[in-house]
Amino acid sequence: MSIHEDDHTGFDRPRKRSRPRTKDRPNYSALPVARVVSIDRGRYRCLIEDRIVSAVRGRLIARKGIIVGDEVRLDGDTSGDEGTLARVVEVLERSTMLRRSADDADTFERPIVANADQLFIVTALADPPPRMGMIDRILVAAYDAGIAPMLCLTKADLASPDELRAAYEPLGVPILVTDPEADLTPVREALTDHVTVFVGHSGVGKSTLVNRLIPDAHRATGEVSELTGKGRHTSTSAVAMELPEGGWIIDTPGVRSFGISHVRPDSILGAFPDLAEYAEDCPRGCRHETDAPECALDDAVADGRLAPERLASFRRMERAFV
Ligand SMILES: Nc1nc2c(ncn2[C@@H]2O[C@H](COP(=O)(O)OP(=O)(O)OP(=O)(O)O)[C@@H](O)[C@H]2O)c(=O)[nH]1
Ligand SMILES: [Mg+2]
Ligand SMILES: [Zn+2]
């Protein structure tokens, strides 16, 4: 249909407008921008410059429309003084959004954080024991969201990181290892000037690490239950904190599972340009799994273009979908 025909139909039957036109909407661009650092019973705690401002949701913003990490514009009283409340009138466009579903049967997506550019998959080497299935699922969610994942292995005083290193190094996932005495310089270097979300099981030591990195964070930490070997969900909501060196950490509550029903399997290949290139020679609809007939990734291994460990790690991650 040409533009003129379109104009003509528009002239005969004016379309109903459900939303005000852009030019009718208030212009908020002069209002200050703040970052949402935590959410508590409908109140948004936002950081502007060096002060925390408490705010409520403006009526033009959907209920679930504001999450930790969001950059928002605030109207009203932004003094941050005791008893004052500002109003969130605009949520700025997000660079990323990390989501999960409770499990794969549940298609309801829960947004976790906005605007993170890095994700630490925090995994204890023992107590609770590591589960590769969980790591793989979080990796999938990170690649899908366009957030760079890193594996942060804690409790190296209790068990060796060798097995997990062997499983994830071929994939190119950066690995950091810590214990209570570890020098955290490499961790700080990885975090500086990034917005990094910490994700992992309860009890793996996310908040412990946050407290060591940001001494005035005062995050509560919990004992791992002797009976179940599982943490007790000490942290109950996501909180964003600024690093003294620059950048942000977002500590999140422990998760039991990490559903990825919102992710399309083929979106993962895009995170691995070398594999994506070899896969161009795959038969149509190839899922690249271990027994996939004539999968070009097997050919790439057979003629030495691709390391077998890298393909094995990739296929293990792909299996997170089944
Ligand atoms: N041995 C050992 N214990 C650790 C290490 N890091 C943390 N812990 C202990 O693990 C327990 C749980 O730590 P938290 O920091 O509360 O764990 P979390 O991941 O924040 O847990 P949730 O908030 O429930 O998700 C605490 O008793 C910590 O002291 C470590 O490197 N080695
Ligand atoms: Mg915690
Ligand atoms: Zn294939």
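Atoms within each ligand, like the ligands themselves, are counted from 1 in listed order. Atom set for the values below is all heavy atoms of this structure, side chains included, hydrogens, waters and symmetry mates excluded.
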| query | Parallel, tilted or perpendicular: which describes the rings of Phe314 and Phe272, with under 30° parallel and over 60° perpendicular? | reply | perpendicular
Can you tell whether the side chains of [X] and [Y] come within less than 4.0 Å, N to carboxylate O?
| X | Y | result |
| --- | --- | --- |
| Asp274 | Arg310 | yes |
| Asp70 | Arg35 | no |
| Arg51 | Glu49 | yes |
| Asp251 | Lys206 | no |
| Arg315 | Asp136 | no |

| Taking atom 6 (N) of ligand 1 as the point of reference, which of Thr208, Asp127, Asn211 owns the nearest heavy atom? | Thr208
| field | Winner among Leu209, Asp157, Thr221, Val210 once heavy atoms are compared against atom 1 (N) of ligand 1 | value | Asp157
| request: Below 4.0 angstrom from a heavy atom of Val204, which ligand 1 atoms are there? Numbered from 1 as shown, please. | output: 17 (O), 19 (O)
| said: Within ligand 1, which atoms have a heavy atom of Asp179 less than 4.0 Å away? | reply: 31 (O)
| query | Do the numbers put Arg305 on top of the ring of Tyr278, so that NZ or CZ is under 6.0 Å from the six-membered ring centre and no more than 45° off the axis? | reply | yes
Polar proximity ligand 1 side, [X] side, N/O cut 3.5 Å exclusive:
| X | result |
| --- | --- |
| Thr252 | no |
| Gly205 | yes |
| Gly254 | yes |
| Pro253 | no |
| Asp251 | no |
| Thr178 | no |
| Lys206 | yes |

| Has Ser207 got an N/O/S atom less than 2.8 Å from the Mg ion (ligand 2)? | yes
| query | Can a non-hydrogen atom of Pro180 be found less than 4.0 Å from any atom of ligand 1? | reply | yes
| In degrees, rounded to 10 degrees, what angle do Cys282 atom SG and Cys295 atom SG make at the Zn ion (ligand 3)? | 110°
| At the Zn ion (ligand 3), what angle lies between atom ND1 of His288 and atom SG of Cys286, rounded to 10 degrees? | 100°
| query | Can any side-chain N or O of Thr252 pair as donor or acceptor with the backbone N or O of Phe198 at less than 3.5 Å? | reply | yes
| For Thr84, does its backbone N or O pair with a side-chain atom of Asp81 as donor and acceptor, under 3.5 Å? | no
| field | Shared hydrophobic cluster for Val122 and Leu213 (ILVMFWY, side-chain gaps under 4.5 Å) | value | yes
